[in-house]
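Note sheet for the following structure.
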Number of protein chains: 2
Amino acid sequence: MNDIDTPAEPRWLSDTEQHAWRVFLRMQGQLITRLGRELQADSDLSIADYDVLVHLTDLAGGRRRILELARELDWEKSRMSHHLARMAKRGLIAREECPADGRGAFIAITPAGQAAIEEAAPRHVELVRRMVFDALTPEQVAALGTVSEQILKQLDAPQPSCEG
Amino acid sequence: MNDIDTPAEPRWLSDTEQHAWRVFLRMQGQLITRLGRELQADSDLSIADYDVLVHLTDLAGGRRRILELARELDWEKSRMSHHLARMAKRGLIAREECPADGRGAFIAITPAGQAAIEEAAPRHVELVRRMVFDALTPEQVAALGTVSEQILKQLDAPQPSCEG
DNA sequence: CTCTCTTGGTTGACACATCACCCATCCTGC
DNA sequence: GCAGGATGGGTGATGTGTCAACCAAGAGAG
């Protein structure tokens with residue numbers, strides 16, 4: 001394919017890097033899994049549900065165009081479409097027509113969705129605190145934020161596919 | 001359910017914590033998605049496939065009991081079972097009977113699996129380096145490792161369900 | 001030797017994510 | 001006013017992960 005990308009001697013990770021990487025992967029997987037499981041058990045919501053509902057309530061209007069929602073949450077439109085269909089079937093959100101654009105649709109949170117998120121949020125936040133922030137010093141919290149921002153910035157940067 | 005867990009005044013996150021948390025979630029989601037996509041496109045492997053194959057090659061014997069593999073990778077046994085079935089169908093691994101335990105089975109990497117992982121690894125590592133480590137200073141790498149370890153340790157610790 | 005408990009592993013139903021493709025509706029040039 | 005692309009959004013197949021339930025084989029206790 002594009003073997004210009006893979007030099008004969010790849011830049012392998014140092015021991016430190018490899019260790020950091022493996023422990024990061026393990027932590028991230030475990031953490032998301034556990035958070036999702038507890039959220040599901042406590043409040044019958046998935047993390048994806050939670051993210052959508054929180055985002056909708058953060059908006060003053062409580063309604064948003066679908067693709068705009070997708071962009072704001074960094075989701076693919078297809079994922080958003082499938083997920084909103086499931087959420088609508090459960091009564092957490094509702095679709096509304098968009099008078100200005102015949103193709104478009106608004107998504108609005110329903111009273112049931114509102115109730116669900118209000119009930120879920122305190123427990124979820126408490127859980128995040130116990131699982132994550134109780135384990136970290138303020139410096140480590142800051143470092144986590146910085147590192148995450150750096151990586152995100154790197155991801156947004158265009159990939160140099162062949163730098164001389 | 002268990003409202004002893006949710007005091008009337010939950011300990012909400014501070015602005016700093018909330019920011020760190022949101023950016024971490026976003027980073028982690030984007031990163032895994034992107035890594036998975038590129039690995040799939042380059043080498044026709046999912047991250048899960050990759051993890052299993054790397055783990056098997058790390059072992060001198062190249063074979064492992066199923067649940068042991070699951071424990072070492074922190075997977076649920078059901079997930080492991082489903083995933084191994086799919087990998088076996090693609091010829092990446094093979095099941096072998098266990099003479100010592102009639103119920104059990106060994107999983108062994110096949111030559112095809114070996115070839116797949118050897119071809120995938122350099123590109124994948126290069127990608128991880130570009131997406132993650134190129135963006136971080138050595139101190140930040142260390143911090144990432146430490147933070148991840150702290151959180152993992154917290155996750156392994158028994159959850160205090162009602163501390164007075 | 002049987003009765004029960006545990007362990008190793010599978011299965012089926014369902015939720016979720018991605019890819020590739022489709023359809024309808026704007027918008028623009030002419 | 002209409003051809004053709006861009007945009008908003010849905011669909012279906014497939015792979016992936018979870019839960020709950022199941023089954024078969026070992027391990028002890030009587």
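Since this is a predicted model, take the numbers as computed values, not measurements. We name chains A, B, ... by the order of the sequence lines, and we start the count at 1 in each one.
Side-chain nitrogen and oxygen atoms of A:Arg37 include at least one within less than 4.0 Å of the OP1 or OP2 phosphate oxygen of D:dC19. Phosphate proximity of D:dT16 to B:Arg86: present, with a side-chain N or O under 4.0 Å from OP1 or OP2. OP1 and OP2 of D:dT7 both lie 4.0 Å or more from every side-chain N or O belonging to A:Arg65.
Under the 4.5 Å side-chain heavy-atom criterion for ILVMFWY residues, a single connected hydrophobic cluster contains both A:Val132 and B:Trp12.
Within the model, atoms NE2 of A:His55 and CG of A:Asp58 stand 7.0 Å from one another, a figure rounded to the nearest 0.5 Å. Taking CG from B:Leu35 and CE from B:Met131, the interatomic distance works out to 5.5 Å, rounded to the nearest 0.5 Å.
For a distance-only test at 3.5 Å, the side chain of B:His82 qualifies as a donor-acceptor partner of the base of D:dT18. In the interface, the side chain of A:Arg79 is not paired with the base of C:dT18 through any donor and acceptor atom under 3.5 Å apart.
Ranked by how close their nearest DNA chain C nucleotide is to the 5' end, A:Ala48 and B:Met80 are led by B:Met80. Where B:Ser46 and A:Arg71 meet DNA chain D, the nucleotide closest to each residue was compared, and A:Arg71 sits on the side nearer the 5' end.
Of all nucleotides listed (D:dA25, D:dG8, C:dG9), D:dA25 comes nearest to the side chain of B:Asp101. In this structure, the nucleotide among C:dT11, D:dG26, D:dT7 sitting nearest to the side chain of B:Arg103 is D:dG26. Across C:dT25, D:dG26, D:dT18, the shortest atom-to-atom separation from the side chain of A:Thr33 is found for D:dT18. For A:Glu76, whose side chain is taken as the heavy atoms from C-beta onward, the closest listed nucleotide among C:dT18, D:dC19, D:dA25 is C:dT18.
For the pair A:His83 and A:Ser46, the tightest heavy-atom approach, listed with the atom from each and the gap, is CE1-OG, 4.0 Å.
Distance NE2 (B:His83) to P (D:dT16): 5 Å, rounded to an integer number of Å.
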